[in-house]
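Residue numbers run from 1 in the order of the sequence given.
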Amino acid sequence: MWTKVKRLFVIKTRWEAYLIIYALALGAMTRGAQYTVEYPGLGGYLLMAATAGAVFLGGAKILDAIRYEKEAKMESQTRKDPVD
């Protein structure tokens, strides 16, 4: 049963990754808009840009990880272990 619950928290496809990245971006931009209100001027806009940049970096890492896991899985399926 716990394996089924753990499987809910694993990103398996690019579509799921895009949904998570969208949710992260939505939250980050909301926080960035709050920064522009709290810190008017250039400082607020720089903090807003930092929140957007964090989503770009995190999203790229998520997509790369999915690609690497897929490649590793395909490689392990095609490669046969040598028998001693």
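- With rounding to the nearest 0.5 angstrom, the CD atom of Glu16 is 7.5 Å from the CD1 atom of Ile66.
- Note that CZ of Arg67 is 14.0 Å distant from CD1 of Ile62, once rounded to the nearest 0.5 Å.
- Nearest heavy-atom pair, Ala28 versus Thr51, reported as atom, atom and distance to 0.1 Å: O-OG1, 3.4 Å.
- When all heavy atoms of Ala52 and Met29 are compared, the pair lying nearest together is CB-CE, 3.4 Å.
- Here the straight-line distance linking atom NZ of Lys4 with atom CE of Met1 works out to 9.5 Å at 0.5 Å rounding.
- Residue Lys12 places its NZ atom among more than 12 non-hydrogen atoms of other residues, nucleotides or ligands, all under 6.0 Å distant.
- Cluster annotation: Leu24 is not connected to Tyr35 through the hydrophobic network of ILVMFWY side chains, with a link wherever side-chain heavy atoms come within less than 4.5 Å.
- Atom CD1 of residue Ile21 and atom CZ of residue Arg14 lie 8.5 Å apart, to the nearest 0.5 angstrom.
- Under a hydrophobic-cluster definition in which Ile, Leu, Val, Met, Phe, Trp and Tyr are linked whenever side-chain heavy atoms come within less than 4.5 Å, directly or via other members, Tyr18 and Val55 are assigned to the same cluster.
- At a threshold of 4.0 Å, the pair Asp64-Lys61 does not count as salt-bridged, since none of the basic side-chain nitrogens sits closer than that to a carboxylate oxygen.
- By the criterion of side-chain heavy atoms lying less than 4.5 angstrom apart, applied directly or through intervening Ile, Leu, Val, Met, Phe, Trp or Tyr residues, Phe9 is not grouped with Ile20; the two fall into different hydrophobic clusters.
- Here the OG1-CG distance, from Thr36 to Leu46, works out to 12.0 Å after rounding to the nearest 0.5 Å.
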